[in-house]
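This report refers to the structure that appears directly beneath it.
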Amino acid sequence: MSYLEEQDETLKYIYTTKKYTKTDIVIYFTINYLSSKYGYCYSTNQWLAKDSNVSERSVKRSLIKLEKDGFILTEISNTGKLRRISLTK
């Protein structure tokens with residue numbers, strides 16, 4: 001299965017599973033789009049909240065859930081100023 005086919009399957013799963021809220025879906029789709037070139041993105045909760053029209057707290061909850069379920073991986077830089085979000089599935 002190619003990378004694009006895997007991404008399509010992951011998107012379908014997240015979209016059709018009742019476990020995920022609309023906010024979770026929007027956040028994952030946004031990260032997927034931003035990560036399409038390199039497989040990761042650097043995005044703040046504030047920017048994701050504004051782009052998705054939700055609160056920063058909602059973004060944080062979605063990111064925690066998506067990471068816990070293994071869809072994304074967040075890494076903080078050594079300086080603690082940048083967060084890299086990578087797709088894992």
Side-chain angles (χ1 to χ4, degrees):
M1 185 179 291
S2 74
Y3 175 77
L4 290 176
E5 289 172 329
E6 287 178 28
Q7 283 303 304
D8 285 345
E9 289 300 314
T10 301
L11 291 171
K12 283 182 206 171
Y13 176 79
I14 288 175
Y15 189 73
T16 58
T17 303
K18 296 188 186 304
K19 178 179 181 179
Y20 299 99
T21 66
K22 290 178 185 177
T23 300
D24 299 335
I25 294 166
V26 169
I27 296 301
Y28 185 82
F29 273 67
T30 302
I31 292 168
N32 188 337
Y33 174 76
L34 294 172
S35 302
S36 61
K37 188 170 185 178
Y38 300 109
Y40 61 87
C41 67
Y42 296 97
S43 187
T44 63
N45 289 0
Q46 182 180 14
W47 187 89
L48 286 168
K50 186 176 179 183
D51 183 66
S52 305
N53 200 30
V54 297
S55 71
E56 287 184 51
R57 179 70 184 125
S58 293
V59 168
K60 186 174 181 177
R61 279 193 301 266
S62 291
L63 291 174
I64 289 169
K65 185 190 292 185
L66 291 168
E67 186 165 26
K68 181 179 166 248
D69 291 349
F71 292 105
I72 63 169
L73 174 66
T74 57
E75 302 170 276
I76 306 298
S77 68
N78 292 338
T79 63
K81 294 187 178 190
L82 286 175
R83 175 186 63 194
R84 178 172 146 162
I85 305 172
S86 305
L87 299 175
T88 57
K89 292 185 181 182

Listed partners of [X] passing side chain to side chain donor-acceptor pair (under 3.5 Å), at least two apart:
X: Ser55; result: Ser58
X: Arg84; result: none
X: Glu56; result: none

Could you see if Leu87 belongs to whatever hydrophobic cluster contains Phe29? Use Ile, Leu, Val, Met, Phe, Trp, Tyr and a side-chain cutoff under 4.5 Å. yes

Stepwise side chain to side chain contact (heavy atoms under 4.5 Å, CB included) check, Phe71 with Ile14: CA-CA 9 Å; Phe71 292 105; Ile14 288 175; 3.8 Å; yes

Return the set of residues passing side-chain contact (heavy atoms from CB on, under 4.5 Å) with [X] (not counting sequence neighbours), or none when no residue passes.
X: Val26; answer: Thr30, Ser52
X: Ser77; answer: Thr79, Leu82
X: Lys19; answer: Thr17, Asp69

Set out, in order, the CA-CA distance, both residues' side-chain angles and the distance that settles side chain to side chain contact (heavy atoms under 4.5 Å, CB included) for Tyr20 and Tyr13, then state yes or no. CA-CA 10 Å; Tyr20 299 99; Tyr13 176 79; 4.1 Å; yes

Residues pairing under side-chain hydrogen bond (donor to acceptor under 3.5 Å, both in side chains) where one sits in residues 39-50, two or more places apart or in two chains, turn out to be Asn45-Arg83

Could you walk me through whether Ile27 and Leu66 pass the side chain to side chain contact (heavy atoms under 4.5 Å, CB included) check? CA-CA 9 Å; Ile27 296 301; Leu66 291 168; 4.3 Å; yes

Cluster membership besides Leu73, Ile/Leu/Val/Met/Phe/Trp/Tyr side chains within less than 4.5 angstrom, sorted by chain and number, is none

Rounded distance [0.5 Å steps], [atom1] in [X] versus [atom2] in [Y]:
X: Leu63; Y: Ile85; atom1: CG; atom2: CD1; value: 5.5 Å
X: Glu67; Y: Thr74; atom1: CD; atom2: OG1; value: 3.5 Å
X: Ile25; Y: Asn32; atom1: CD1; atom2: CG; value: 13.0 Å

For residues 20-39, pull every pair meeting salt bridge (charged side-chain N to carboxylate O under 4.0 Å, His left out), keeping only residues two or more places apart or in separate chains. Asp24-Lys65

Minimum heavy-atom distance Cys41-Ser35, with the two atoms named: N-OG, 3.6 Å

